[in-house]
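Because the structure is a prediction, the values reported are computed rather than measured. Positions are given from 1 along the sequence.
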Amino acid sequence: MRSQVIVSWGEAQQYAFDLEEMQPMPSDVARSWLDQQFIELDCEPLRLSGKVLTADKVAVIARTAGEQHFAEPAHRQWALAFAQAASASLAKPVLHIDVPSMTVSY
């Protein structure tokens, strides 16, 4: 089955992570990893109510981490962990995270 996460900052800046050959991250580990990153990066909820949906959390973490975490080889392990956690926590094999519009599509 195809398993891929694409994080984009527009057409020219798209970073694709092919997860087919990687061991899937268990969903509870994925949620925990995203929670930890949300706290460590000092992310802010998108909604005024303070409720944080998983898709919102994924988009906010990508935006707060910044494009360099997806582009630079020094951050490759973090980017792969992010892709695995996003895919597992949302239970979708193919994700597209559009950072400028703060949307996640499946």
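In terms of heavy atoms, P100 sits closest to W9 at CD-CA, 3.8 Å. Residues S89 and A30 approach most closely at N-CB, 3.9 Å, considering heavy atoms. Taking all atoms of both residues into account, the shortest heavy-atom contact from A59 to I97 is CA-CG2, 4.2 Å.
Between H96 and S8, the closest side-chain pair of non-hydrogen atoms falls below 4.5 Å. Residues P45 and D56 fail the side-chain proximity criterion, which asks for heavy atoms closer than 4.5 Å. Residues F82 and I61 form a side-chain contact, since some pair of their non-hydrogen atoms from C-beta on lies under 4.5 Å apart. Residues L46 and M102 are in side-chain contact: their nearest non-hydrogen atoms beyond the backbone lie under 4.5 Å apart. In this structure the side chain of V99 never reaches within 4.5 angstrom of the side chain of Q13, judged on heavy atoms. The shortest distance between side-chain heavy atoms of E44 and V60 does not fall below 4.5 Å. Annotation: side chain of I6 is not in contact with side chain of L95 (no heavy-atom distance under 4.5 Å).
Taken together through direct or relayed side-chain contacts under 4.5 Å among Ile, Leu, Val, Met, Phe, Trp and Tyr, M25 and F38 form parts of separate hydrophobic clusters. Using a 4.5 Å cut-off between side-chain heavy atoms of Ile, Leu, Val, Met, Phe, Trp and Tyr, with links allowed through other members, L19 and Y106 fall into the same hydrophobic cluster.
Applying the side-chain hydrogen bond (donor to acceptor under 3.5 Å, both in side chains) test to every pair with at least one member in residues 72-88, sequence neighbours left out, gives these pairs: Q37-W78. Each side-chain hydrogen bond (donor to acceptor under 3.5 Å, both in side chains) pair with one or both residues in residues 61-70, not counting sequence neighbours, appears once here: Y15-E67.
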**Q.** Derivation and outcome, side chain to side chain contact (heavy atoms under 4.5 Å, CB included), residues L80 and M22
**A.** CA-CA 10 Å; L80 285 171; M22 299 181 75; 4.1 Å; yes
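Once rounded to the nearest 0.5 Å, the distance linking CG of L90 with CZ of R31 reads 10.5 Å.
In terms of the side-chain contact (heavy atoms from CB on, under 4.5 Å) criterion, residue partners of S101 (sequence neighbours excluded) are, by chain and number, D98, T103.
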